[in-house]
Protein chains: 2
Amino acid sequence: MMKEYSIGQMSRRTGVKVTTIRYYEGRGLIPSPARTTGGQRRYDEAALERLAFLRHARELCFGLGDIADLMALAEAPSEDCAPAHKIARKQLAAVDRRLTILAQLREELARMANADDPGQARECRVIEVLGDHRLCIGAHDLPDGSLDLSGG
Amino acid sequence: MMKEYSIGQMSRRTGVKVTTIRYYEGRGLIPSPARTTGGQRRYDEAALERLAFLRHARELCFGLGDIADLMALAEAPSEDCAPAHKIARKQLAAVDRRLTILAQLREELARMANADDPGQARECRVIEVLGDHRLCIGAHDLPDGSLDLSGG
DNA sequence: ATACGATCTACAGCGACTGTAGGTTCAAGG
DNA sequence: CCTTGAACCTACAGTCGCTGTAGATCGTAT
């Protein structure tokens with residue numbers, strides 16, 4: 001027998017809110033699931049995986065459009081891989097930038113969170129770390145709109 | 001003589017759009033700058049640093065509220081450091097989770113972007129990597145709303 | 001059979017921008 | 001000086017990605 005999940009079970013298993021799951025369905029990011037005779041949604045294992053993917057990708061600030069691209073990429077037939085590679089490269093650049101900054105921020109936050117003497121907060125360098133332009137590998141000098149600050 | 005910047009120069013130097021800078025001012029995230037007699041904004045070096053910080057923090061998905069907290073933390077007098085530590089710890093947890101997932105995703109994207117044989121795309125594991133729940137250190141089992149999916 | 005929590009649709013509201021309209025200012029060139 | 005055009009101003013409507021509510025229905029445990 002194939003396992004089936006209600007929308008609430010999907011929500012509990014992935015951490016995505018019920019209303020958000022329905023929203024994703026409306027946006028076409030997850031396929032419309034089967035329904036009971038009474039009209040309630042019933043999901044299978046594949047839908048669960050797709051939703052888990054969506055959740056993690058969103059947590060990493062990927063927009064719904066980019067996520068749709070990534071999903072298409074993962075399911076792409078082997079024929080036209082050039083566009084898939086282009087998407088991968090684009091996402092890779094964004095990921096690398098975030099990784100660099102996040103690693104620095106992590107270090108600084110850890111120092112602050114674990115400092116033996118709480119009184120040291122006055123030496124906090126969080127602002128400097130996040131404000132340091134040397135971390136931005138040319139991103140600022142690109143034409144208008146090259147940096148998508150609208151986030152998710 | 002102290003250097004002064006117009007809002008457009010601020011925008012070019014930080015990559016934050018002019019309209020967004022005004023929006024941040026309206027939200028109180030950056031102080032209202034001095035004005036020319038004609039009413040145009042003139043910023044100093046400190047404002048530039050603050051805005052650069054804001055930009056980087058936003059790129060890392062921190063909400064404006066959290067950013068305000070971080071800024072206050074960085075400027076906090078040494079007296080009440082306990083709340084500052086709490087904020088730092090909370091942000092640290094979020095940063096660590098993102099770092100873990102991002103690192104895995106980076107590896108997978110790099111493999112896809114650089115694969116010698118583009119035909120290998122069919123073996124793409126991006127979905128599995130991002131869908132892997134073992135990466136979620138207990139985050140899913142926490143009470144409702146423990147994961148802030150609303151992003152920025 | 002009933003109760004009550006989970007689900008349904010539809011829609012309004014929020015956070016963080018983004019873009020436009022319609023007007024004003026500034027600085028460089030004539 | 002005066003002009004001219006880019007940059008700036010305010011105010012406000014629109015977008016994206018949710019989030020919450022209202023009011024009705026479903027489904028399952030007792």
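Heavy atoms only: backbone and side chains are in, while hydrogens, waters and symmetry mates are out. Chain letters run A, B, ... following the sequence lines, proteins first and then strands; every chain starts at 1.
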*For atom CD1 of Ile67(A) and atom C1' of dC18(D), their distance in whole Å*: 13 Å
*How long is the line joining CZ of Phe62(B) and C1' of dG15(C), in whole Å?*
17 Å
_Side-chain heavy-atom pair Val16(B), Leu54(B) within 4.5 angstrom cut-off_ = no
_Closest to side chain of Arg58(A), choosing from dG17(D), dC17(C), dC8(C)_ = dG17(D)
Distances for protein N/O vs nucleotides 1-4 of chain C N/O pairs under 3.5 angstrom?
none

_How many whole angstroms separate atom CD of Glu25(B) from atom C1' of dA11(D)?_
15 Å
*To the nearest angstrom, how far is Ile21(B) atom CD1 from dC9(D) atom C1'?*
14 Å
*Looking only at heavy atoms, what is the nearest atom pair of Thr14(B) and Arg55(B), with distance?*
O-CD, 2.6 Å
*Report yes if some heavy atom in the side chain of Leu48(A) is under 4.5 Å from a heavy atom in the side chain of Phe53(A); otherwise report no.*
no
*Under 4.0 Å between a side-chain N or O of Tyr24(B) and OP1 or OP2 of dA16(C)?*
no
*Taking CZ from Arg55(A) and C1' from dC18(D), how many angstroms apart are they, rounded to a whole number?*
15 Å
*Using whole Å, report how far CD of Gln9(B) lies from P of dA7(D).*
11 Å
_Tell me the interatomic distance from Tyr23(A), atom OH, to dG20(D), atom C1', rounded to whole angstroms._
15 Å
*Within residues 30-43 of chain A, find the residues that approach DNA chain D with a heavy atom at under 4.0 Å, and present them sorted by residue number.*
Thr36(A), Gly38(A), Gln40(A)
*Have a look at Arg27(A) and say if it touches a base, only the backbone sugar-phosphate, or nothing, with a 4.0 Å heavy-atom cut-off.*
sugar-phosphate
*Side-chain touch Leu64(B)/Arg58(B), heavy atoms, less than 4.5 angstrom*: yes
*Enter the distance from Thr20(B):OG1 to Ile7(B):CD1 here, rounded to the nearest 0.5 Å.*
9.5 Å
_Minimum-distance nucleotide to Ile7(A) side chain [options: dC8(C), dC18(D), dT18(C)]_ = dC8(C)
*Taking for each residue the nucleotide of DNA chain D with the nearest heavy atom, is it Gly65(A) or Arg22(A) whose nucleotide lies nearer the 5' end?*
Gly65(A)
*Mind checking the OH-CG spacing from Tyr24(A) to Leu51(A)? Nearest 0.5 Å is all I need.*
7.5 Å
*Give, for atom OG1 of Thr36(A) and atom CD of Glu4(A), the distance between the pair rounded to the nearest 0.5 Å.*
9.5 Å
*Nearest whole angstrom, please: distance from the C1' of dG17(D) to the NZ of Lys17(A).*
12 Å
*Counting only side-chain N and O atoms of Ser6(B), is one of them less than 4.0 Å from OP1 or OP2 of dC26(C)?*
no
*Spacing of Arg27(B) atom CZ and Ile67(B) atom CD1 [to the nearest 0.5 Å]*: 10.0 Å
*Is the closest side-chain heavy-atom distance between Ser6(A) and Arg42(A) below 4.5 Å?*
yes
*Could you say whether Thr19(B) or Val18(A) is positioned toward the 5' end of DNA chain C, judged by the nucleotide with the nearest heavy atom to each?*
Val18(A)
*Who passes side-chain contact (heavy atoms from CB on, under 4.5 Å) against Glu25(A), sequence neighbours left out?*
Ile30(A), Ser32(A), Pro33(A), Arg35(A), Arg41(A), Tyr43(A)
